[in-house]
Amino acid sequence: LKPITRSSLQKVLTELKDKIESEREQSNYLKKFQSEYHEYEQLSKRHFFEKIFDRKLALKDVYDEAAKLGIELNASCYNIALAYFKDGEEEIIRYFSRFSEYVLIKWNINVFCILIMSEKDRIENLSYRCEQNLVRICEASSDGEWNISIGEPVERLSLLADCYEDVNRIFSYRFLIPDVHVITKESVESTQHL
């Protein structure tokens, strides 16, 4: 309101500045909290699946822990994909988080594990779609340094550890054949014959 004095204007501007800084600080804290929560969630998911793949959980405990983590594991068929890449993480998260048939797990700094779940008659198609979209994203985002492997479907959750062992063994050949982007049993077998 007029007339306004220099000191009252300065006081109002100082209060406004303090309020803006406080809101900015709260926003930064919120972003930091969300980031740390996301990391914790990913780490919890990874530890859970490590226990499954290492056969350290009874089947009943698997379902109990999955429920605590908000992961739905009921399906008649399962498969696993492993993907190594340098760039494209945001695009992979954006794509695979849209579909309930895929559970995306950050395995380490540059590797994702994707659990594929469905009915038996759809699992091959979902595995193929997973592979094609990983290839598309990696080709568009990465500098040519990427590899993926897709496992063979299993019909019971109790066989998921076997599926992981098989696909991880094949995936480990990325160190021997880095120029082969989609590593399959066939590409591994042809390498062994050399």
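All values reported here derive from a predicted model rather than from experimental measurement. The figures that follow rest on heavy atoms only: side chains count, while hydrogens, waters and symmetry mates do not.
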Please output the side-chain donor-acceptor pairs of residues 100-119 that fall under 3.5 Å, not counting sequence neighbours, one pair per line with the distance.
from   : atom 1 : to     : atom 2 : distance (Å)
Glu101 : OE2    : Arg122 : NH2    : 3.4
Tyr102 : OH     : Leu126 : O      : 2.8
Lys106 : NZ     : Glu89  : OE1    : 2.9
Lys106 : NZ     : Glu89  : OE2    : 3.1
Trp107 : NE1    : Tyr164 : OH     : 3.3
Asn108 : OD1    : Asn110 : N      : 3.1
Asn108 : OD1    : Val111 : N      : 3.1
Asn110 : ND2    : Phe85  : O      : 3.1
Glu119 : OE1    : Ser76  : OG     : 3.1

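- Two residues are said to be in side-chain contact when any heavy atoms from C-beta on lie closer than 4.5 Å; Val154 and Cys77 fail this criterion.
- Side-chain atoms of Asp61 never come within 3.5 Å of backbone atoms of Leu57 as a donor-acceptor pair (strictly under, hydrogens ignored).
- Side-chain atoms of Ser127 come within 3.5 Å of backbone atoms of Ile123 as a donor-acceptor pair (strictly under, hydrogens ignored).
- Glu50 contributes no side-chain N or O that, together with a main-chain N or O of Ile52, makes up a donor-acceptor pair within less than 3.5 Å.
- Proximity of a side-chain donor or acceptor of Asn147 to a complementary backbone N or O of Val180 within less than 3.5 Å is detected.
- Annotation: Glu21, atom CD; neighbour count of heavy atoms from other residues, nucleotides and ligands within 6.0 Å is above 12.
- For Ser187 (side chain) and Thr184 (main-chain N/O), a donor-acceptor pair under 3.5 Å exists by modelled atom type.
- Under the 3.5 Å distance criterion, the side-chain polar atoms of Ser22 are left unmatched by any main-chain donor or acceptor of Asp18.
- Note on Val135 and Phe171: separate hydrophobic clusters, where clusters join Ile, Leu, Val, Met, Phe, Trp and Tyr whose side-chain heavy atoms are under 4.5 Å apart, directly or indirectly.
- Contact of the Val182 side chain with the Ser149 side chain is not registered, since no non-hydrogen atoms from C-beta on lie closer than 4.5 Å.
- At least one side-chain heavy atom of Tyr63 sits less than 4.5 Å from a side-chain heavy atom of Leu157.
- Proximity of Glu131 to Arg136: side-chain heavy atoms (C-beta onward) are nowhere separated by under 4.5 Å.
- Between the side chains of Tyr84 and Glu145, at least one donor-acceptor pair of N or O atoms lies under 3.5 Å.
- Atom CZ of Phe99 has more than 12 neighbouring heavy atoms from other residues, nucleotides or ligands inside a 6.0 Å radius.
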